[in-house]
Amino acid sequence: MNQQMEIICVGNELLIGKTLNTNAHWMARLATSLGITVSRITIVGDDVNEIAKTIHESLQRKPKFIITTGGLGPTFDDKTLEGIAKALNCKLEIHEKALKMVKEKYEAYANAGKIERVELTPHRTKMATIPKGAEPLPNPVGTAPGVMMKVDGTLLIALPGVPSEMEAIFEVSVAPLLKKEAGEAMFFETSIYADNIMESTLAPLIDQTMHDNPYVYIKSHPKGEEKKPHIEIHFSTTAKDSNTARNRLGKAMVQLSELVQRNGGKIKQSTRVSKE
């Protein structure tokens, strides 16, 4: 089963370093915890051609999910849906259900005294103008709906860039789809910490342990200095139940710990196996 997902983040503010890409971090973490493999994260600017090119290239890799963030609002630089339409060679059209969602939001703003009157201006209607064949996703906390459409075997989902809006739509409309696709698979992880061993010495020990434990992924993260190495060793696996995960991770941890100690290193601390 193809359980891969690609994330495409849209926005010049991400490319120039004005805004930290917390959306990708949050989404990748949650998707991984649900048993989905995030295979690629891409950042592109507010350019229709770049967005279209990136979407097209992603579709050619045939992941199960492609999720974009950013570029769904009412301003001139919100171009994600236009880019998607160009990538798919389809038209943008006002979607009545999406228009109703937008109108109801502005009616709520008017009732709350945030705006004087409800008027569906061209800029507001823009948020309900989506690629032909797509369906809108309700936005519990903001105005612009999310957008979802099936392209061959890939589910293409566009979410707003405002973190609170992205997270709300993801949790309500997207997470259940990921969970259904992953089935019983869940992601488990744990770490140990090694001192007095350089990463170059640790590398072949990790290679050997991963070879002997093919379902466990191991990655080293240096935390100290070259002269005083302190390395986090992160173990992860995807399994259908916690017992299988614990057995896999436990076996790999014991093996690598012994190898580290034989090579003069010290295991200082370990954390419990956790299910994200």
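All values below come from the heavy atoms of this structure, side chains included, with hydrogens, waters and symmetry mates left out.
- No donor-acceptor pair closer than 3.5 Å links the side chain of Thr143 to the backbone N or O of Val102.
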Let me have the donor-acceptor pairs involving side chains of residues 10-20, under 3.5 Å, with sequence neighbours excluded, atom names and distances please.
unit_1	atom_1	unit_2	atom_2	d
Asn12	OD1	Asp46	N	2.9

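- Taking the side chain as every heavy atom from C-beta outward, Gln3 and Lys64 never approach each other to under 4.5 Å.
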Only distances under 3.5 Å count here; give the side-chain donor-acceptor pairs of residues 85-100 to other protein atoms, sequence neighbours excluded, each with its distance to 0.1 Å.
unit_1	atom_1	unit_2	atom_2	d
Lys86	NZ	Asn49	OD1	2.2
His95	ND1	Lys97	N	3.2
His95	ND1	Ala98	N	3.4

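- Side-chain heavy atoms closer than 4.5 Å link hydrophobic residues (I, L, V, M, F, W, Y) into clusters, and following such links, possibly through other members, connects Ile218 to Leu259.
- Separating the CE atom in Met27 from the CG atom in Asn21 is a distance of 8.5 Å, to the nearest 0.5 Å.
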Exercise for review: Give the intermediate values and the outcome of side-chain contact (heavy atoms from CB on, under 4.5 Å) for residues Thr238 and Met186.
Suggested key: CA-CA 5 Å; Thr238 299; Met186 295 296 288; over 6 Å; no
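- Residue Pro163 comes nearest to Thr22 through the heavy atom pair CG-OG1, 4.3 Å, listed as atom of the first residue, atom of the second, then distance.
- Between Phe65 and Ile36 the shortest heavy-atom distance is CE1-CD1, 4.3 Å.
- The two residues Val216 and Ala252 have their closest heavy-atom pair at CG1-CB, 4.1 Å.
- Between the side chains of Asn247 and Thr244, no donor-acceptor pair is found at a separation under 3.5 Å.
- The environment of His221 atom NE2 is dense: over 12 non-hydrogen atoms of other residues, nucleotides or ligands sit within 6.0 angstrom.
- Judged as a salt bridge (charged side-chain N to carboxylate O under 4.0 Å, His left out), and not counting sequence neighbours, the contacts of Lys223 are Glu232.
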Please tabulate, one pair per line, all N/O donor-acceptor pairs under 3.5 Å involving side-chain atoms of residues 194-206, not counting sequence neighbours.
unit_1	atom_1	unit_2	atom_2	d
Asp195	OD1	His230	ND1	2.5
Glu199	OE2	Ser220	OG	2.6

Just distance, no hydrogens or angles: give the donor-acceptor pairs under 3.5 Å from side chains in residues 128-142, sequence neighbours left out.
unit_1	atom_1	unit_2	atom_2	d
Thr129	OG1	Thr125	O	3.0
Asn139	OD1	Val141	N	3.1
Asn139	OD1	Gly142	N	2.7
Asn139	ND2	Ala144	O	2.8
Asn139	ND2	Glu165	OE1	2.8

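- Rounding to the nearest 0.5 Å places CG of Leu178 at 6.0 Å from CE of Met5.
- The side-chain heavy atoms of Ile67 and Ile8, taken from C-beta on, include no pair separated by under 4.5 Å.
- Remark: side-chain polar atoms of Asp212 are not paired, donor with acceptor, to backbone N or O of Thr209 under 3.5 angstrom.
- Rounding to the nearest 0.5 Å places CD of Glu258 at 12.0 Å from CG of Asn263.
- Side chains of Glu6 and Ser58: a donor-acceptor N/O pair is present below 3.5 angstrom, by distance only.
- The cluster map of Ile, Leu, Val, Met, Phe, Trp and Tyr, joined by side-chain heavy atoms under 4.5 Å apart, puts Ile169 and Leu81 in different clusters.
- The side-chain heavy atoms of Thr32 and Thr37, taken from C-beta on, include no pair separated by under 4.5 Å.
- Not one N or O on the side chain of Arg248 forms a donor-acceptor pair closer than 3.5 Å with the backbone of Asn243.
- Within the model, atoms CZ of Phe170 and CD1 of Ile157 stand 8.0 Å from one another, a figure rounded to the nearest 0.5 Å.
- Summarising the geometry, atom CZ belonging to Phe188 is positioned 12.0 Å from atom OG belonging to Ser236; distances are rounded to the nearest 0.5 Å.
- Ala175 and Leu34 get closest at one heavy-atom pair: O-CD1, 3.9 Å.
- Of the charged side-chain nitrogens involved, at least one lies within less than 4.0 Å of a carboxylate oxygen, so that Glu189 and Arg29 count as a salt-bridged pair.
- For Glu119, the salt bridge (charged side-chain N to carboxylate O under 4.0 Å, His left out) test picks out Arg117, with sequence neighbours left out.
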Exercise for review: Walk me through it: do Met127 and Asp78 pass the test side-chain contact (heavy atoms from CB on, under 4.5 Å)?
Suggested key: CA-CA 9 Å; Met127 292 182 284; Asp78 289 312; over 6 Å; no
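- In this structure, Arg124 satisfies the cation-pi test against Tyr106, with its NZ or CZ atom closer than 6.0 Å to the six-membered ring centre and inside 45 degrees of the ring normal.
- Considering SG of Cys9 and CG of Leu159, their distance stands at 10.0 Å, rounded to 0.5 Å.
- In terms of heavy-atom proximity, Ala110 sits nearest to Val118 at CB-CG2, 3.8 Å.
- Side-chain heavy atoms closer than 4.5 Å link hydrophobic residues (I, L, V, M, F, W, Y) into clusters, and following such links, even through other members, never connects Leu155 to Val147.
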**Study point:** Phe235/Ile192 under side-chain contact (heavy atoms from CB on, under 4.5 Å): CA gap, chis, key distance, verdict
**Key:** CA-CA 8 Å; Phe235 299 75; Ile192 61 176; 3.6 Å; yes
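- Between Asp152 and Thr154, the side chains place no donor N or O within less than 3.5 Å of an acceptor N or O (distance only, hydrogens not considered).
- Hydrophobic clustering (ILVMFWY, side-chain heavy atoms < 4.5 Å, transitive): Ile41 and Ile66 are in distinct clusters.
- Using a 4.5 Å cut-off between side-chain heavy atoms of Ile, Leu, Val, Met, Phe, Trp and Tyr, with links allowed through other members, Leu72 and Ile84 fall into the same hydrophobic cluster.
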**Study point:** Check against side-chain contact (heavy atoms from CB on, under 4.5 Å), Leu120 and Lys103
**Key:** CA-CA 7 Å; Leu120 289 178; Lys103 183 179 180 182; 4.3 Å; yes
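- Residue Gln60 places its CD atom among more than 12 non-hydrogen atoms of other residues, nucleotides or ligands, all under 6.0 Å distant.
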